[in-house]
Amino acid sequence: MLKVISLVFVGGAVLYFLFYPFLKNKVNRKKTFKWFVIIYILVAVASTVGNYLLKADRVAKKRESIEHVEK
């Protein structure tokens, strides 16, 4: 999850420099910041859900392998 967070911040910084002329206006800065926060939250939630699902899958496979070895 830390990797995702750092990538979002790096992406935000790159976008900031690309859209700097657009961001000179205070209203545009607020819009951009609002969308950055929304995307950040979505990415963090998606990353957390993905990690949870992958971990659940690994646990299920580990249980199957233990049951197979015990037989």
With a 4.5 Å cut-off on side-chain heavy-atom distances among I, L, V, M, F, W and Y, is there a chain of contacts connecting [X] to [Y]?
| X | Y | result |
| --- | --- | --- |
| Ile38 | Val43 | no |
| Val27 | Phe33 | no |
| Ile39 | Phe9 | yes |
| Val8 | Leu42 | no |

- Query: Within a strict 4.5 Å, meaning less than it, do heavy atoms of the Tyr40 and Trp35 side chains meet?
  - Reply: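 In short, these two side chains do not touch, never coming nearer than 4.5 Å.
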- Query: Hey, does the side chain of Thr48 reach the backbone of Ala44 with a donor-acceptor pair shorter than 3.5 angstrom?
  - Reply: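 Looks like yes, one N/O pair under 3.5 Å.
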